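Note sheet for the following structure.
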Amino acid sequence: MHRRDVRPGPDGPATGVVDIVAVDGKDRADIDRLYGEMYRLLGHPGPPAGWIDEVVAQALRGDRGLFIAKAACVALGFIDFKLVRYHAATGSTFCRIFDVFVKPEARQRGIGRRLWLQALHTAKDRGADSVELNVLPANEGAQAFWQRQGFRLHTLGFRRDLEAHHA
Ligand SMILES: CC(C)(COP(=O)(O)OP(=O)(O)OC[C@H]1O[C@@H](n2cnc3c(N)ncnc32)[C@H](O)[C@@H]1OP(=O)(O)O)[C@@H](O)C(=O)NCCC(=O)NCCS
């Protein structure tokens, strides 16, 4: 577990001491609330029923990284990532970050950075040699955040809904 005093934000009170901890079974309700808030803010309907159960179950089995940021037991954010072995011959492994979220009132205080650094250290310890993630084109804040962490544009992703089109 990592503890650190987090600097005060531009508005609102200081967050105080923030712990970054691996999720355990008793964090289930906090994880639910954080995912719910993230999807609400993104204007997304959210994941199908049972999906968060699966994410937490994978984390508890050690098949997924799921860390939560807490100040005085209040959950402020989380990061969700996985290690992917993509080349059987070389054993190369990369870390894919699926979601990182910090509650709006706790942003700009270094919590997002600490969450991602936790993912970095965990991934390195488990043998990863790179980290990848996707950001929606309209999410300029997240793009600025990741560029600030040393990430650079690597691929452009294309997508097509299958039901809506007939080739
Ligand atoms: C992206 C997000 C996780 C950043 O969390 P945060 O706790 O505010 O980030 P930090 O305070 O650790 O910021 C680290 C650095 O990134 C910069 N940064 C963070 N958000 C930024 C933004 N919206 N625009 C520009 N720079 C930003 C900070 O200024 C800071 O820079 P510094 O190192 O020069 O001080 C948070 O804004 C969030 O939850 N957004 C909504 C969910 C989302 O979009 N997630 C990413 C999907 S891939």
Side-chain angles (χ1 to χ4, degrees), residues 1-23 27-48 51-52 54-56 58-59 63-84 86 93-124 126 128-159:
M1 181 173 81
H2 294 138
R3 308 198 98 199
R4 199 166 302 163
D5 284 313
V6 168
R7 62 185 186 269
D11 40 35
T15 341
V17 174
V18 172
D19 297 323
I20 307 289
V21 292
V23 160
D27 297 316
R28 178 68 179 73
D30 281 334
I31 285 292
D32 245 356
R33 276 192 286 273
L34 290 168
Y35 268 109
E37 183 169 356
M38 181 180 77
Y39 282 117
R40 214 168 32 253
L41 290 172
L42 290 172
H44 189 284
W51 182 80
I52 294 177
E54 178 57 23
V55 167
V56 172
Q58 287 183 18
D63 293 338
R64 194 171 194 118
L66 187 59
F67 287 84
I68 195 166
K70 286 185 188 178
C73 294
V74 176
L76 299 174
F78 74 97
I79 190 161
D80 170 28
F81 59 96
K82 241 182 179 178
L83 266 67
V84 184
Y86 67 96
T93 298
F94 69 93
C95 171
R96 170 158 292 276
I97 296 177
F98 296 110
D99 288 307
V100 58
F101 173 73
V102 176
K103 287 168 76 69
E105 63 270 26
R107 288 182 191 165
Q108 297 291 332
R109 296 166 196 193
I111 296 174
R113 178 173 161 76
R114 287 187 56 206
L115 283 164
W116 119 256
L117 288 177
Q118 178 69 59
L120 169 83
H121 295 310
T122 306
K124 266 187 163 176
R126 297 182 190 172
D129 48 29
S130 61
V131 185
E132 297 184 9
L133 55 98
N134 292 332
V135 181
L136 293 172
N139 194 346
E140 291 176 1
Q143 290 173 45
F145 169 78
W146 288 116
Q147 284 176 4
R148 193 78 191 91
Q149 309 311 314
F151 285 71
R152 296 295 173 258
L153 185 62
H154 170 55
T155 57
L156 293 176
F158 288 81
R159 178 194 155 117

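For ligands, and for the atoms within them, numbers begin at 1 and follow the listed sequence. Because the structure is predicted, anything quoted here is derived from the model rather than measured.
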Where is the tightest heavy-atom contact between L76 and L34, given as atom of each residue plus distance?
C-CD2, 4.1 Å
Does an N or O from V135, backbone or side chain, lie closer than 3.5 Å to an N or O of ligand 1?
no
Non-hydrogen atoms of A71 and V18 that approach each other most closely
CB-CG2, 4.1 Å
May I ask you to check whether A106 has an N/O atom sitting below 3.5 Å from an N/O atom of ligand 1?
no
Sub-4.0 Å heavy-atom approach of D99 to ligand 1:
no
Any nitrogen or oxygen of N139, main chain or side chain, under 3.5 Å from a nitrogen or oxygen of ligand 1?
yes
Run down the list R148, R107, R109 and name the one with the heavy atom closest to atom 31 (O) of ligand 1.
R148
Under 4.0 Å from one or more heavy atoms of A144, ligand 1 contributes atoms 24 (N), 25 (C), 26 (N)
Heavy-atom pair with the smallest gap, counting every atom of T122 and Q118
OG1-O, 2.7 Å
Parallel, tilted or perpendicular: rings of F101 and F78 (30°, 60°)
tilted
When the ring planes of H44 and Y39 are compared, do they come out parallel, tilted or perpendicular, using 30° and 60° as the limits?
tilted
Checking contacts here: is it the side chain or the backbone of Q108 that comes within 4.0 Å of ligand 1, counting heavy atoms only? Could be both or neither.
both
Can a non-hydrogen atom of E140 be found less than 4.0 Å from any atom of ligand 1?
no
Quick one: are F151 and V135 in side-chain contact, heavy atoms under 4.5 Å?
no
Quick one: does W116 get within less than 4.0 Å of ligand 1, heavy atoms only?
no
Under-4.0 Å heavy-atom contact with ligand 1, by part of L42 that carries it:
neither
Pick, from F145, F98, W146, the option with the minimum heavy-atom distance to atom 9 (O) of ligand 1.
F145
If you measure every N/O of N134 against every N/O of ligand 1, is any gap under 3.5 Å?
no
Give the numbers and elements of all ligand 1 atoms closer than 4.0 Å to a heavy atom of R113.
12 (O)
Distance, nearest 0.5 Å, that separates CD1 of I111 from NZ of K103
11.0 Å
Ligand 1 atoms in contact with Q149 (distance to a heavy atom under 4.0 Å)
14 (C), 15 (C), 16 (O)
Near R28 CZ, under 6.0 Å, is it more than 12 heavy atoms from other residues, nucleotides or ligands?
yes
Side chains of L133 and F81 in contact at under 4.5 Å (non-hydrogen atoms):
no
In the structure I gave you, are the side-chain heavy atoms of W116 and V100 within less than 4.5 Å of one another anywhere?
no
Which of the numbered atoms in ligand 1 are under 4.0 angstrom from any heavy atom belonging to G110?
10 (P), 11 (O), 12 (O)
Return the option from G112, P104, A142 holding the heavy atom at the smallest distance from atom 6 (P) of ligand 1.
G112
